[in-house]
Amino acid sequence: MRRTLLCTPQFRALRPTKQMDFFSSLLKEATNLTVRTRFAPSPTGYLHIGGARTALFNLLFARHNKGKFVLRIEDTDVARSTEESIKAILDGMEWLGLHWDEGPFFQSRRFDLYREHAYKLLESGEAYRCYCAPEELEARREAAMKEGRPPKYDGRCRDIHEKQDKPFALRFKVPPGTTVVRDVVKGAISFDNSTIEDLVILRSDATPTYNFCVVVDDATMDITHVIRGDDHLNNTPKQILLYKALGHELPVFAHLPMILGSDKTRLSKRHGATSVMAYKEMGYLPHALINYLARLGWSHGDEEIFSMNDLIEKFTLESVGASSGVFNPEKLLWLNQHYIKATPDDELAGLVAPFFESLGLKVSGDARMAKIAGTLKERSKTLKEMAESGAFYFKDKIEYDPKAAEKFLSPDNDSLFALIIERIEPINAFNHKSLEEAFNAILAEKDLKLGKVAQPVRVALTGGTVSPGIFEMMEAMGKETVLARLNGARSHMKSLAAK
RNA sequence: GGUCCUAUCGUCUAGAGGCCUAGGACGUGGCCCUCUCAAGGCUGAAACCCGGGUUCGAAUCCCGGUAGGACCGCCA
C-alpha cells in the first residue's frame with residue numbers, strides 16, 4: 001500500500017476521498033508551518049516495544065521535516081501513574097537515543113487548563129452536567145452487554161437544565177452527523193456520530209479525562225501531526241468533534257498498525273520481553289532495536305540496514321504500511337549481530353564489559369579487552385552471549401569439559417605441547433602472524449595437519465572445543481596466560497598418565 | 001453484540017494496471033571456505049485469502065465473503 005505524490009496520473013486517479021489525505025498532510029508543508037509531533041505515553045508501566053516504535057516514528061517524522069518532537073506524560077489517572085514508570089520511560093528513551101526537543105510536559109500540572117476548556121463547552125451548550133452515579137452507569141453497561149445492545153450512554157442527562165445539588169460529571173454533547181477521519185496511513189474513514197456516545201470530559205472529582213486532555217494538549221501545544229497506534233483510531237472521531245467544538249484546527253492523523261506477537265494477537269508479556277530495557281539487559285545494542293522497529297511497518301525499497309541519519313533522511317509517513325506486523329525476535333538478533341560486528345573493538349570492549357562483570361569476572365582495566373572483544377564479535381548475537389562465550393579468557397582456573405579433555409588432552413600429546421611451549425616462549429611479538437608461523441613450522445617438522453594440533457590447544461586454552469581461531473585467540477589472551485594454560489594442560493596429562 | 005481497521009513466502013516487506021516466470025531480507029535446506037564455532041560466498045525450497053466484477057490485460061481498482069486484529073470506561 002503506497003501513497004503517491006501530488007500531480008501524478010496515479011494521484012489524479014485516486015478517489016476524491018483518498019485525495020483528501022494527501023492534501024491534509026501536504027497542506028502543512030505548503031503553509032510552512034513548523035511540523036510538531038509528540039509522544040504521549042501514560043506512566044503506568046515501562047516503555048514497551050510498541051511505544052518505542054511510536055516514539056521513533058514521531059521523532060523521525062519531526063526530524064525529517066526539521067520540526068520539533070515533544071514528549072508529554074499523560075498522567076491524568078493519578079491512581080495508576082507512578083514516578084517509577086515515568087523514570088522507566090525516560091530511561092528507555094534515553095537508552096534508545098530518542099531525544100525530545102520539548103518537555104516532558106505533565107498533564108497532571110495542567111488540570112486548570114482542561115477545566116477551563118471543559119467549562120467553556122458547558123457554557124456554549126456543547127457539554128452538559130451528568131448526574132448519573134458511576135456504579136449505576138457500570139450496571140447499565142453490563143446489562144446492555146449481556147443483552148447484546150451497544151453499551152452506549154443513553155444521554156439521559158442531556159436535557160436536565162437546572163443545576164442539581166448532586167455530584168456531576170461533564171459530558172460532551174455529540175452532535176448528529178458524520179465524522180470523517182482523514183488518516184495518512186489508513187485513508188479516509190467515516191463514522192456515523194450516532195455510534196459515538198456522549199463522553200465524559202470532566203469527572204465528578206473535577207479531573208479531566210484522556211480524550212479531552214489529548215485534544216486540549218495537542219491543540220494548545222500546536223501539534224501538527226498526531227502519530228500514534230491504531231488502537232486510537234476509534235477515539236479519533238470523538239477527538240475531531242472536540243477539536244471542532246473548541247474551535248481548533250485539526251492536526252494530520254497517522255495511525256500506525258499494531259505490533260503483534262507470534263500468535264498474531266497484540267504483543268504482550270506472553271510473547272517474551274516487551275520492555276525496551278529488558279533488551280538492554282539481554283545484550284542488545286540500542287541501534288539494532290531502532291533499526292528493527294523502523295522496519296516493522298515502514299520500508300524503503302529493498303533496504304534493511306539504516307543508520308539514524310538514513311532513517312531521518314528517508315522516513316515518510318507515506319511509506320508506512322497499513323497492516324499490523326508480527327514481532328520477529330530472530331530478525332532482531334540478526335540485526336544485533338550485524339551491529340556488533342560493525343562496532344569498533346575498543347568501543348565494543350566498553351559495551352560488553354558490564355556483561356562480563358555480571359558473570360562475576362573482573363575485567364575493568366584489563367588492557368586485553370578490545371582484542372578479546374574483537375575475537376568474539378563475529379560469533380555473538382548479543383553482548384550477553386559474547387561475555388558467556390568469552391568467559392574463559394578471564395577465568396583464574398579453567399575447567400575442562402570432560403569429553404573434550406578426554407579426547408584431546410591425552411598423555412600422548414604431552415611431547416607436542418612441550419614443543420609448542422618451547423617454540424612460542426621466545427616470541428616477543430606475540431601476535432597472530434608470529435604464532436601462525438611458529439605453528440606452521442611445527443606442523444611441517446612433525447608432518448601434522450593443523451586440525452590435529454588446534455583442537456588440543458583449544459581445549460587447553462579454553463576448556464572446550466568451541467572458540468575463536470586459535471592464533472587470534474592466543475594473541476588476545478596474552479603470552480603469560482597462554483603459557484600458563486599450556487603448562488596447566490601438561491600437568492593434567494601427567495596426572496592422567498600417573499594413574 | 002456494535003463500530004472500525006487489515007489481508008503478497010513461516011516472518012518483515014517490494015509492488016503505484018502490462019516491467020511479475022512476483023523481487024529483497026530474516027529464518028530454513030544444500031554446497032564451498034575452514035583449526036572448532038561462527039562469519040563470509042554460492043545455491044535451493046517457500047507467497048499474491050476466496051468469489052465475483054471493471055479492463056484487451058488485475059497481486060494492484062470496485063463489490064461481497066472469509067479470516068485476523070483493535071476499540072466500545074467518570075482507564076490511557
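All values reported here derive from a predicted model rather than from experimental measurement. Below, chain A is the first sequence line, B the second, and so on; all start at residue 1.
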If the P atom of B/rA39 is compared with that of B/rA46, how far apart are they to the nearest Å? 25 Å

Taking only residues two or more places apart in sequence, or in another chain, which ones meet A/Y243 in a ring-ring contact (aromatic ring centres under 6.0 Å, His included)? none

With A/D218, which residues qualify under salt bridge (charged side-chain N to carboxylate O under 4.0 Å, His left out), at least two apart? A/R38, A/R72

With sugar-phosphate taken as primed atoms, P, OP1 and OP2 and all else as base, the protein-contact string of nucleotides 28-39 of chain B at under 4.0 Å (heavy atoms; B, S, -) is -------BBBBS

Go through residues 197-207 of chain A and report each residue with a non-hydrogen atom lying under 4.0 Å from RNA chain B, sorted by number. A/E197, A/V200, A/R203, A/S204

Can you sort out the partners of A/E388 under salt bridge (charged side-chain N to carboxylate O under 4.0 Å, His left out), two or more places apart, ordered by chain and number? A/K384

Quick one: salt bridge (Lys or Arg N to Asp or Glu O under 4.0 Å) pairs with a partner in residues 288-302 of chain A, sequence neighbours left out? A/R295-A/E304

Report the residues that fulfil salt bridge (charged side-chain N to carboxylate O under 4.0 Å, His left out) with A/R458, sequence neighbours left out, ordered by chain and then residue number. none

What residues, two or more places apart in sequence or in another chain, satisfy ring-ring contact (aromatic ring centres under 6.0 Å, His included) together with A/Y279? A/Y284

For A/E303, what residues pass the salt bridge (charged side-chain N to carboxylate O under 4.0 Å, His left out) criterion, not counting sequence neighbours? A/K314

Partners passing ring-ring contact (aromatic ring centres under 6.0 Å, His included) against A/F172 (at least two apart in sequence or in another chain): none

Those residues at least two apart in sequence (or on a different chain) that pass ring-ring contact (aromatic ring centres under 6.0 Å, His included) with A/F471 are A/H432, A/F439

Near RNA chain B, which residues from residues 128-139 of chain A have a heavy atom under 4.0 Å away? A/C132, A/P134, A/L137

